[in-house]
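What follows is one structure encoded as structure tokens, with my remarks underneath.
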2 protein chains.
Amino acid sequence: MADLNFTLPPERPARTADAAEGADEPIWDIIELLFFAYRDFVGDPDDVLAKFGFGRAHHRVLHFINRNPGIKVADLLVILKITKQSLGRVLKQLVDEGYVVQREGENDRRQRLLFVTPKGEALALKLAGLQTTRIARAVAEIGPNAHETARRFLAAMIDATDRDEVLRLIARAERGGRTRR
Amino acid sequence: MADLNFTLPPERPARTADAAEGADEPIWDIIELLFFAYRDFVGDPDDVLAKFGFGRAHHRVLHFINRNPGIKVADLLVILKITKQSLGRVLKQLVDEGYVVQREGENDRRQRLLFVTPKGEALALKLAGLQTTRIARAVAEIGPNAHETARRFLAAMIDATDRDEVLRLIARAERGGRTRR
DNA sequence: AAAATACGTCAATATGGCTGACCTAAATTT
DNA sequence: AAATTTAGGTCAGCCATATTGACGTATTTT
């Protein structure tokens with residue numbers, strides 16, 4: 001195989017003439033790269049989680065509680081797009097083992113607001129650190145514009161109906177995750 | 001996504017903006033965008049697959065057979081990083097329902113070389129089309145450099161040990177793989 | 001002839017989803 | 001005040017996808 005280390009030949013103009021046709025050629029490279037990149041991206045945390053007796057589901061729950069302290073159970077369900085029964089199972093373990101605590105809502109005492117404990121935050125940060133190392137390495141390899149372009153590309157990949165909500169969610173957590181009263 | 005309203009007290013000290021110092025600061029935006037983008041990216045195929053009684057596992061198997069006609073079972077296992085038992089169940093369904101055929105290797109009659117049928121290719125292309133639509137939309141939104149940058153970013157996210165192998169795989173399939181049915 | 005290889009299969013187990021039903025406590029509506 | 005809705009929890013069972021381990025069979029290699 002010839003060398004195509006990371007100066008991949010631009011294969012966009014591969015179908016110059018028939019580009020106007022409706023039969024769009026699948027964008028195989030991005031499809032496959034997303035598969036492999038995501039697999040490795042979640043693979044690092046998976047290895048650590050296994051040592052704690054946790055799985056990917058625990059990671060997602062812990063992540064979003066850490067990023068959005070005080071989040072309501074109902075809102076977490078919306079973000080994760082799972083049922084409360086599915087959430088309940090992993091959440092119970094995280095609570096029982098001291099990674100997450102629940103507090104009664106002040107205004108509405110039916111609510112169980114979710115917070116990570118110091119222990120939970122430590123684990124969340126450890127896992128995020130692994131992923132950050134990978135991302136930082138990728139960005140460093142490619143150049144300073146990579147972060148911004150990657151962010152915009154990934155945002156554009158999100159369902160249009162959800163995108164603004166997701167970006168708000170990220171931005172809000174970026175500011176510290178609370179307020180908004 | 002429903003409106004998310006957090007009403008809760010400040011719990012965590014505000015992070016120091018996006019200071020350049022934070023070499024240890026997690027890259028939250030990419031971490032979360034990857035989660036949401038990948039979820040939607042595989043969501044489109046999932047909906048179609050459900051109508052066929054298939055799942056995501058069938059998609060992956062069908063995809064890589066379609067892209068690498070004549071692939072050996074052993075090689076497919078390496079790509080997917082699953083066990084032959086896991087593959088076996090899914091592959092059997094795809095064969096039984098006429099999406100994939102197996103042929104004895106010419107040189108080595110122990111091998112079962114895998115090919116998609118026309119029916120299988122049609123499904124693979126339909127699923128790839130959905131994902132391509134999403135990617136093309138994202139690329140169109142961002143600009144002409146997006147495809148190239150996204151490709152390089154995603155490639156750089158792959159484990160260094162696997163990367164060259166993956167890129168070879170993609171490049172080889174891009175050229176048409178090997179013998180067609 | 002023996003060993004290694006490619007593949008298949010049986011059995012048991014784990015994870016993480018799902019639906020449906022039902023429960024309590026608290027808030028809201030009537 | 002009573003009725004209803006909401007937030008959340010829980011029990012029970014099912015499904016899809018993954019795992020490990022053991023074993024079998026045909027074929028190739030040594």
Side-chain angles (χ1 to χ4, degrees), chain A residues 35 39 42-43 45-47 49-65 70-96 100-115, chain B residues 2-8 35 39 42-43 45-47 49-63 65 70-97 100-114:
Chain A
F35 168 75
R39 194 215 302 100
V42 295
D46 281 354
D47 295 340
L49 287 157
K51 296 179 196 155
F52 287 77
F54 290 147
R56 206 171 290 177
H58 302 86
H59 185 191
R60 292 197 285 261
V61 171
L62 183 65
H63 171 93
F64 283 107
I65 295 174
I71 190 173
K72 288 186 296 180
V73 169
D75 288 339
L76 193 50
L77 292 177
V78 170
I79 290 174
L80 297 174
K81 283 187 184 166
I82 60 175
T83 59
K84 65 178 172 180
Q85 294 92 328
S86 297
L87 173 61
R89 197 158 34 198
V90 295
L91 184 56
K92 188 173 190 306
Q93 291 176 266
L94 289 170
V95 170
D96 287 350
V100 170
V101 290
Q102 298 172 290
R103 274 210 316 249
E104 249 181 20
E106 291 178 3
N107 304 328
D108 187 337
R109 288 172 43 219
R110 293 170 305 181
Q111 297 173 349
R112 300 296 151 84
L113 307 186
L114 303 170
F115 300 84
Chain B
D3 200 31
L4 304 175
N5 281 317
F6 307 157
T7 57
L8 47 101
F35 168 73
R39 199 226 275 117
V42 295
D46 282 353
D47 296 340
L49 288 157
K51 296 179 195 153
F52 287 75
F54 289 149
R56 206 171 291 177
H58 302 86
H59 185 192
R60 294 197 283 260
V61 171
L62 183 65
H63 171 92
I65 295 174
I71 189 172
K72 288 186 298 179
V73 169
D75 288 341
L76 194 49
L77 292 179
V78 169
I79 291 174
L80 298 175
K81 283 189 183 163
I82 59 176
T83 59
K84 64 179 171 180
Q85 294 91 328
S86 295
L87 173 63
R89 180 178 39 80
V90 168
L91 183 57
K92 188 174 191 305
Q93 290 176 267
L94 288 170
V95 170
D96 287 349
E97 301 185 32
V100 169
V101 290
Q102 297 173 291
R103 248 176 22 210
E104 250 181 18
E106 292 175 2
N107 304 328
D108 187 337
R109 287 170 43 218
R110 292 170 304 181
Q111 296 173 348
R112 301 298 149 82
L113 307 186
L114 303 169

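Scope of the values below: all heavy atoms of this structure, side chains included, with no hydrogens, waters or symmetry mates. Throughout, protein chains are lettered first and strands after them, A, B, ... in sequence-line order, and every chain is numbered starting at 1. Since this is a predicted model, take the numbers as computed values, not measurements.
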- Item | Nucleotide C:dC18, atom P - distance to NZ of A:Lys81 in whole Å | 12 Å
- Task: Can you measure from CG (B:Leu87) to CG (B:Leu114) and round to the nearest 0.5 angstrom?
- Result: 7.5 Å
- Task: Would you mind reading off the distance between B:Leu77 atom CG and C:dG8 atom C1', rounded to a whole angstrom?
- Result: 12 Å
- Query: Quick one: are A:Ile65 and A:Leu62 in side-chain contact, heavy atoms under 4.5 Å?
  - Reply: no
- Note on the structure: Per-nucleotide protein contact along nucleotides 19-30 of chain C, 5' to 3', at a 4.0 Å heavy-atom cut-off (B base, S sugar-phosphate only, - neither), is BBB----BS---
- Mind checking A:Gln102 for me? I need base, sugar-phosphate or nothing, with any heavy atom below 4.0 Å counting as a touch. sugar-phosphate
- Rounded to the nearest Å, what distance is computed from the CD atom of residue B:Gln111 to the P atom of nucleotide D:dT27? 13 Å
- Task: Specify the separation, in whole Å, of atom CG of A:Leu80 and atom P of C:dG16.
- Result: 13 Å
- Query: What residues in residues 52-63 of chain B put a non-hydrogen atom under 4.0 Å from any atom of DNA chain D?
  - Reply: B:Gly55, B:Arg56, B:Ala57, B:His58, B:Arg60
- Item | Spacing between A:Lys92 atom NZ and D:dT10 atom P, to the nearest angstrom | 7 Å
- Roughly how far, to the nearest 0.5 Å, is the CD atom of B:Gln111 from the CZ atom of B:Arg103? 12.5 Å
- Query: Listed by chain and number, what are the salt bridge (charged side-chain N to carboxylate O under 4.0 Å, His left out) partners of A:Arg110, not counting sequence neighbours?
  - Reply: A:Asp108
- Task: Kindly indicate whether the side chain of B:Val61, heavy atoms from C-beta on, has any atom under 4.5 Å from the side chain of B:Val100.
- Result: no
- Message: I need the CZ-P distance between B:Arg89 and C:dA11, as an integer number of Å.
- Response: 16 Å
- Note on the structure: Nearest-nucleotide check on DNA chain C, A:Ile82 vs B:Ala74; residue mapping nearer the 5' end is B:Ala74
- Which distance, rounded to the nearest 0.5 Å, do you find between the NE2 of B:His63 and the CZ of B:Arg60? 11.5 Å
- Note on the structure: When rounded to whole Å, the NZ to C1' distance for the pair B:Lys72 and D:dT28 reads 13 Å
- Query: So B:Phe52 and B:Phe54, would you call those rings parallel, tilted or perpendicular, with 30° and 60° as cut-offs?
  - Reply: parallel
- Item | Side-chain heavy-atom pair B:Gln102, B:Leu113 within 4.5 angstrom cut-off | no
- Note on the structure: Rounded to whole Å, CG of B:Leu87 lies from P of D:dT20 at a distance of 15 Å
- Task: Measure the spacing between CZ of B:Arg112 and CG of B:Leu76 and express it to the nearest 0.5 Å.
- Result: 15.0 Å
